[in-house]
Amino acid sequence: MFVCLGNICRSPAAEGILRSMAAEEGLSERLGIDSAGTYGGHRGDLPDPRMRSAAARRGYSLTHRARQVCEEDFERFDLIVTMDDMNYETLHRLAPSREAARRIFRMTEFCRRHPDRTYVPDPYYEGREGFELVLDMLEDGCRGILEYLEQSEKA
Ligand code: 4NP
């Protein structure tokens, strides 16, 4: 599960990208992929139109409806992947146990082509380049997640 603040830009885009990559690799049946926000103010909304059109240009259709993170998410998902420090810290505060907190990661931990980035920047108040950078980072991170899952399966 991917987590950002509003669940209308970064995390639903990551969800759509991983869904598409998983489908290409024949993994759709085996992976439960979702996203949520730490802030619930956009609940029920489709992703931001700027993100939907930037993603569509790369072939990703984003249809997720925004929702807020809830405690059950810590039981349902093996990997909880946050976009920035604020999401990472909020999720640690919400985690019901230390065991659950060990499932919280940062998206940049999975990025291979953006070694200097420690967070995925919030594009909400940015221009078009902001959205393109976010999509580049999310594609990079999603590839990293698939590799990580493949390695964990072998171990
Ligand atoms: P996201 O972007 O966390 O990537 O979905 C944002 C969306 C909405 C707001 C902030 C960030 N907002 O303040 O409403």
(message) Checking the side chain of Thr108 only, and the main-chain atoms of Thr118 only, is there a donor and an acceptor separated by less than 3.5 Å?
(response) yes

(request) Indicate yes or no: at least one non-hydrogen side-chain atom of Phe2 is less than 4.5 angstrom from one of Ile80. (result) no

(request) Using atom types as modelled and distance alone, determine if a side-chain donor or acceptor of Glu89 lies under 3.5 Å from a backbone N or O of Met86. (result) no

(request) Please work out whether the ring planes of Tyr148 and Phe110 are parallel, tilted or perpendicular, with thresholds of 30° and 60°. (result) perpendicular

(message) Taking the basic N atoms (NZ, or NE/NH1/NH2) and the acidic carboxylate oxygens, is any pair closer than 4.0 Å for Asp136 and Arg117?
(response) no

(request) Work out which heavy atom in Pro12 is nearest to a heavy atom in Cys4; give both atom names and the distance. (result) CD-SG, 4.4 Å

(request) Indicate the atoms forming the closest heavy-atom contact of Ala66 with Ile8, along with that distance. (result) CB-CG2, 4.0 Å

(message) What I'd like to find out is whether the side chain of Ile104 reaches to under 4.5 Å of the side chain of Tyr88, using heavy atoms alone.
(response) yes

(message) Can you tell whether the side chains of Arg76 and Glu71 come within less than 4.0 Å, N to carboxylate O?
(response) no

(request) Please answer whether the main-chain N or O of Gly16 pairs with a side-chain N or O of Ser20 as donor and acceptor at a distance below 3.5 Å. (result) no

(message) Does Glu29, at its CD atom, have more than 12 non-hydrogen atoms belonging to other residues, nucleotides or ligands within less than 6.0 Å?
(response) no

(request) Indicate yes or no for a side-chain donor-acceptor contact from Ser97 to the backbone of Ala100 under 3.5 Å, with no hydrogens or angles considered. (result) yes

(message) Would you say that Val81 contacts Arg106 through its side chain, given a criterion of any heavy-atom pair below 4.5 Å between the two side chains?
(response) no

(request) Mark yes or no for whether Gln68, through its side chain, and Thr38, through its backbone, hold a donor-acceptor pair below 3.5 Å. (result) yes

(message) Has Arg10 got a side-chain atom pairing as donor or acceptor with Val120's backbone, closer than 3.5 angstrom?
(response) yes

(message) Please tell me whether His64 and Asn7 have a donor and an acceptor in their side chains that are separated by less than 3.5 angstrom.
(response) yes

(message) Would the distance check show the side chain of Asn87 and the main-chain N or O of Met83 forming a donor-acceptor pair, the cut-off being under 3.5 Å?
(response) yes

(request) Could you tell me whether the side chain of Arg57 reaches within less than 4.5 Å of the side chain of Leu135, counting heavy atoms only? (result) no

(message) With a 4.5 Å cut-off on side-chain heavy atoms, are Val134 and Met51 touching?
(response) yes

(request) Identify the two heavy atoms, one from Pro47 and one from Arg52, that lie closest to each other, and give their separation to 0.1 Å. (result) O-NE, 2.9 Å

(request) Step by step, work out the salt bridge (Lys or Arg N to Asp or Glu O under 4.0 Å) result for Arg30 and Glu153. (result) CA-CA 12 Å; Arg30 296 177 56 203; Glu153 196 150 78; 2.5 Å; yes

(message) Would Arg19 and Tyr60 count as a cation-pi pair here, with the cationic atom under 6.0 angstrom from the ring centre and within 45° of the axis?
(response) no

(request) Give a yes or no answer on whether the side chain of Thr82 reaches the backbone of Phe105 with a donor-acceptor pair at less than 3.5 Å. (result) yes

(request) Identify whether NZ of Lys or CZ of Arg in Arg50 sits under 6.0 Å from the centre of the six-membered ring of Phe131 and within 45° of that ring's axis. (result) no

(message) So that I can tick it off, tell me whether Asp34 and Arg67 are bridged by a salt bridge, with the cut-off set at under 4.0 angstrom between side-chain N and carboxylate O.
(response) yes

(request) Determine whether more than 12 heavy atoms belonging to other residues, nucleotides or ligands lie under 6.0 Å from atom CZ of Arg128. (result) no

(message) Whether Glu139 and Arg113 form a salt bridge (side-chain N of Lys/Arg under 4.0 Å from carboxylate O of Asp/Glu) is what I want to check.
(response) no

(message) Ignoring hydrogens, what is the shortest heavy-atom contact between Cys111 and Asp140? Give both atom names and the distance.
(response) CB-OD2, 3.5 Å

(message) Quick check: closest heavy atoms across Pro121 and Met137, and the distance to 0.1 Å?
(response) CD-SD, 3.8 Å

(message) Less than 4.5 Å apart, side chain to side chain, heavy atoms only: is that true for Ile145 and Met107?
(response) yes

(message) Can you confirm whether Leu149 sits close enough to Leu27 that some side-chain heavy atom of one is under 4.5 Å from a side-chain heavy atom of the other?
(response) no

